[in-house]
Amino acid sequence: MKHTALENFIRKFYCEKEFPALAAQIRNWQTTPALTGKKILDATPVFRNTMVKYCALLAAGADLTVSVGQDIPCDPEIVKLLPDFGIPVADADTFNETFDAVADCAGRHKDISSRCGYAELTRSGLEYYRNCSQPVFSVDSGVLKRFETALGTGESFVRAMRELGLDISGKKLLVFGGGKVGSGTAYCAMRAGAEVTVADIARPVLPDGVNFINANDTALVSSYIAASWCVVSATGLPGVLAPYVPALLSSQALIANMGVEDEFSPALPPERVLNRKQPLNFMLDEPTSLCYIDPSMALSNAALVQLISGHMPPGISLPPEPLENAILNDIRAAGLLNNDIDFVLNQKER
């Protein structure tokens with residue numbers, strides 16, 4: 001079968017415990033293909049671990065095309081490998097075609113013609129679908145995406161800092177944003193020994209040991225910026241940190257961005273920010289470790305099956321609880337993330 005060569009490839013790099021949810025899909029869809037002959041466009045950021053997602057879609061019988069670019073980070077070397085596994089990469093002509101369903105990222109493919117609808121991976125991308133008359137499955141709006149956005153992004157922040165030769169242990173970090181990404185970054189940085197403060201306009205649910213300040217208190221926030229070793233943006237809101245740019249420019253703090261948007265505004269030069277304002281974890285060969293991204297990639301795949309079923313209503317829909325629980329059970333069975341599941345499930349939905 002078409003997925004077999006790809007499965008053999010990915011098992012050279014990953015053990016099944018790292019992708020229990022996708023492994024379950026591969027097994028199930030080998031015997032009961034859920035997407036036979038359906039034209040699928042997948043715009044998930046392309047890295048080596050994304051190929052596990054493709055393997056499940058191929059096992060489901062999908063006629064899969066992958067979209068690369070449109071300012072979404074990717075690994076060019078992995079992109080070159082895709083045709084070797086029978087996976088075409090979209091070009092300009094491809095975008096004039098009609099697909100049965102689209103797995104989108106950041107709303108970049110909202111104008112692609114789709115018979116059954118869209119599965120949007122990010123929260124910011126939902127803004128592009130607010131007035132969509134077709135079904136839109138919000139992958140980011142459920143529990144499972146928190147493994148990636150909270151725990152996975154936080155772990156990759158620490159990993160990226162280590163890659164840069166920067167030891168955060170004992171250092172003061174100020175994180176803007178107490179949502180999933182910000183809280184996850186704070187949680188993982190604290191576990192790595194950092195002294196962490198989160199700034200937000202309202203007190204979020206934070207891990208024990210993380211300090212909080214109100215982001216509306218400009219004088220207080222500016223004093224924390226001046227005292228910080230590193231300032232991290234994780235609000236997901238473009239330009240929202242513009243009022244703090246003067247304090248950032250006058251400080252000696254390292255600055256890192258963990259979101260897709262430029263939260264600082266153009267007033268802060270890219271060269272002043274690690275990785276030139278791009279999400280810091282995207283400097284890594286694998287921006288999110290497979291075990292953390294496995295749940296959301298499995299949910300994105302399952303969303304495509306739901307869309308193809310034709311039973312989803314027009315407009316934006318949240319992930320059904322039974323579907324998420326089934327995937328969560330596959331994750332629990334592997335055991336790799338069990339120590340952190342409670343932290344993930346307690347994250348505020350923002």
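Residue indices begin at 1 and follow the sequence shown.
- Gln278 contributes atom CD, which lies 12.5 Å from atom CE of Met283 (distance to the nearest 0.5 angstrom).
- Note that CD1 of Ile255 is 11.0 Å distant from CD of Glu271, once rounded to the nearest 0.5 Å.
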>> side-chain contact (heavy atoms from CB on, under 4.5 Å), that's the test. Do Tyr54 and Thr50 meet it? Break it down for me.
In response: CA-CA 7 Å; Tyr54 304 152; Thr50 321; 3.6 Å; yes
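- Considering only residues two or more places apart in sequence or on other chains, Glu321 meets the salt bridge (Lys or Arg N to Asp or Glu O under 4.0 Å) condition with none of them.
- In terms of heavy-atom proximity, Gly178 sits nearest to Pro204 at O-CB, 3.3 Å.
- Of all non-hydrogen atoms in Gln25 and Ala302, the two that sit nearest each other are NE2-N, 3.9 Å.
- Using a 4.5 Å cut-off on side-chain heavy atoms (C-beta onward), Pro243 and Thr218 make no contact.
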>> Test side-chain contact (heavy atoms from CB on, under 4.5 Å) on Ile78 and Phe47; report intermediate values, then the result.
In response: CA-CA 6 Å; Ile78 296 299; Phe47 294 91; 5.6 Å; no
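- Side-chain atoms of Thr122 come within 3.5 Å of backbone N or O of Gly125 as a donor-acceptor pair.
- Atom-to-atom distance recorded for Arg332:CZ and Asn338:CG is 7.0 Å, nearest 0.5 angstrom.
- When side chains are defined from C-beta on, Phe147 does not count as touching Cys291, because their heavy atoms never get closer than 4.5 Å.
- When the shell of 6.0 Å around CG of Asp285 is examined, it contains 12 or fewer heavy atoms from other residues, nucleotides or ligands.
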>> Quick one, Tyr187 with Asp340, criterion side chain to side chain donor-acceptor pair (under 3.5 Å). Give me CA distance, side-chain angles, the key distance, then yes/no.
In response: CA-CA 10 Å; Tyr187 174 72; Asp340 295 306; 2.8 Å; yes
>> As a quick check of understanding, evaluate side-chain contact (heavy atoms from CB on, under 4.5 Å) for Leu126 and Ser141, giving each step before the final call.
In response: CA-CA 10 Å; Leu126 282 183; Ser141 297; 3.9 Å; yes
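- Residues satisfying the ring pair (Phe, Tyr, Trp, His ring centres under 6.0 Å) test with Phe212, not counting sequence neighbours, are none.
- With hydrogens and angles left out, the side-chain atoms of Tyr129 and Asp104 include a donor and acceptor closer than 3.5 Å.
- Annotation: Lys172, atom NZ; neighbour count of heavy atoms from other residues, nucleotides and ligands within 6.0 Å does not exceed 12.
- Between the Glu120 side chain and the Gly107 main chain, a donor and an acceptor come within less than 3.5 Å of each other.
- Across all their heavy atoms, Leu22 and Asn301 have their closest contact at CD2-ND2, 3.5 Å.
- Under the 3.5 Å distance criterion, the side-chain polar atoms of Thr32 are left unmatched by any main-chain donor or acceptor of Trp29.
- Not a single donor-acceptor pair under 3.5 Å links the side chain of Asp200 to the backbone N or O of Arg203.
- The 12-atom threshold is not exceeded at CG of Asn131, counting heavy atoms of other residues, nucleotides or ligands nearer than 6.0 Å.
- Using a distance-only test at 3.5 Å, with no hydrogens or angles considered, no donor-acceptor pair links the side chain of Ser300 to the main chain of Met297.
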>> Go through it in stages, so that I can follow the logic: the residues are Lys39 and Asp100, the test is salt bridge (charged side-chain N to carboxylate O under 4.0 Å, His left out), and I'd like the CA-CA distance, side-chain angles, deciding distance and then a yes or no.
In response: CA-CA 5 Å; Lys39 287 190 62 166; Asp100 289 297; over 6 Å; no
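- A side-chain contact (heavy atoms from CB on, under 4.5 Å) with Leu58 holds for exactly one of Leu6, Ile40, Leu35; it is Leu6.
- Inspection of the Thr44 and Asp42 side chains reveals an N or O donor paired with an N or O acceptor under 3.5 Å.
- Atom CG of Leu82 is separated from atom CD1 of Ile87 by 5.5 Å, given to the nearest 0.5 angstrom.
- In this structure, CE in Met190 is found 12.5 Å from OG1 in Thr185, a value given to the nearest 0.5 Å.
- Panel note: side chain Tyr118, backbone Ile112; a donor-acceptor pair is recorded below 3.5 Å.
- In this structure, Lys277 contributes its side chain and Val273 its backbone to no donor-acceptor pair below 3.5 Å.
- Here NZ of Lys145 is found 7.5 Å from CD1 of Ile293. Values are rounded to the nearest 0.5 Å.
- Checking side-chain atoms of Glu148 against main-chain N and O of Thr153 turns up no donor-acceptor pair under 3.5 Å.
- Screening Ile72, Val79, Val89 against Val46 for a side-chain contact (heavy atoms from CB on, under 4.5 Å) leaves a single residue, Val79.
- Under the 4.5 Å side-chain heavy-atom criterion for grouping Ile, Leu, Val, Met, Phe, Trp and Tyr, Leu337 is not connected to Val181 through any hydrophobic cluster.
- Under the 4.0 Å criterion applied to side-chain N and carboxylate O atoms, Arg11 and Glu16 are assigned as salt-bridge partners.
- Side-chain contact of Ser289 with Arg159: a donor-acceptor pair under 3.5 Å is present, judged by distance alone.
- In terms of hydrophobic clustering, with Ile, Leu, Val, Met, Phe, Trp and Tyr side chains grouped at heavy-atom distances under 4.5 Å, Leu237 and Ile201 are assigned to different clusters.
- Proximity of Leu249 to Pro269: side-chain heavy atoms (C-beta onward) are separated by under 4.5 Å at one or more points.
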> Between Thr98 and Arg115, is a side-chain contact (heavy atoms from CB on, under 4.5 Å) present by the stated rule, with each step listed?
Replying inline: CA-CA 7 Å; Thr98 296; Arg115 296 184 182 91; 3.7 Å; yes
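- Looking at every heavy atom in both residues, Pro33 comes nearest to Ala59 through CB-O, 4.3 Å.
- Considering only heavy atoms from C-beta on, Leu220 comes within 4.5 Å of Ser223 through its side chain.
- If you chain together hydrophobic residues whose side chains sit under 4.5 Å apart, Val245 and Val232 never meet in one group.
- The shortest heavy-atom contact between Val139 and Ser296 is CG1-O, 3.8 Å.
- Of the possible donor and acceptor atoms, none in the side chain of Asp294 sits under 3.5 Å from a partner among the backbone N and O of Ala298.
- Ring orientation note: the planes of Tyr14 and Phe19 are nearly perpendicular, at an angle over 60° on the 30°/60° scale.
- A search for side-chain hydrogen bond (donor to acceptor under 3.5 Å, both in side chains) contacts involving Asp63 returns nothing, not counting sequence neighbours.
- The side-chain heavy atoms of Val175 and Phe157, taken from C-beta on, include no pair separated by under 4.5 Å.
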>> Under the criterion ring pair (Phe, Tyr, Trp, His ring centres under 6.0 Å), I'd like the reasoning laid out for Tyr244 against Phe176: C-alpha separation, chi angles, the key distance, then a yes or no.
In response: CA-CA 11 Å; Tyr244 306 110; Phe176 280 100; 5.1 Å; yes
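- Salt-bridge annotation for Arg27 and Asp330: absent, with no side-chain N of the basic residue lying under 4.0 Å from a carboxylate O of the acidic one.
- For the pair Ile225/Ser250, no side-chain contact is recorded, criterion being any heavy-atom separation below 4.5 Å from C-beta on.
- Side-chain atoms of Ser156 never come within 3.5 Å of backbone atoms of Thr288 as a donor-acceptor pair (strictly under, hydrogens ignored).
- Taking 4.5 Å as the limit, every side-chain heavy atom of Ser265 sits out of range of all side-chain heavy atoms of Leu241.
- For the pair Met161/Leu280, a side-chain contact is recorded, criterion being any heavy-atom separation below 4.5 Å from C-beta on.
- Here the shortest heavy-atom pairing between Ile331 and Pro20 reads CA-CG, 3.9 Å.
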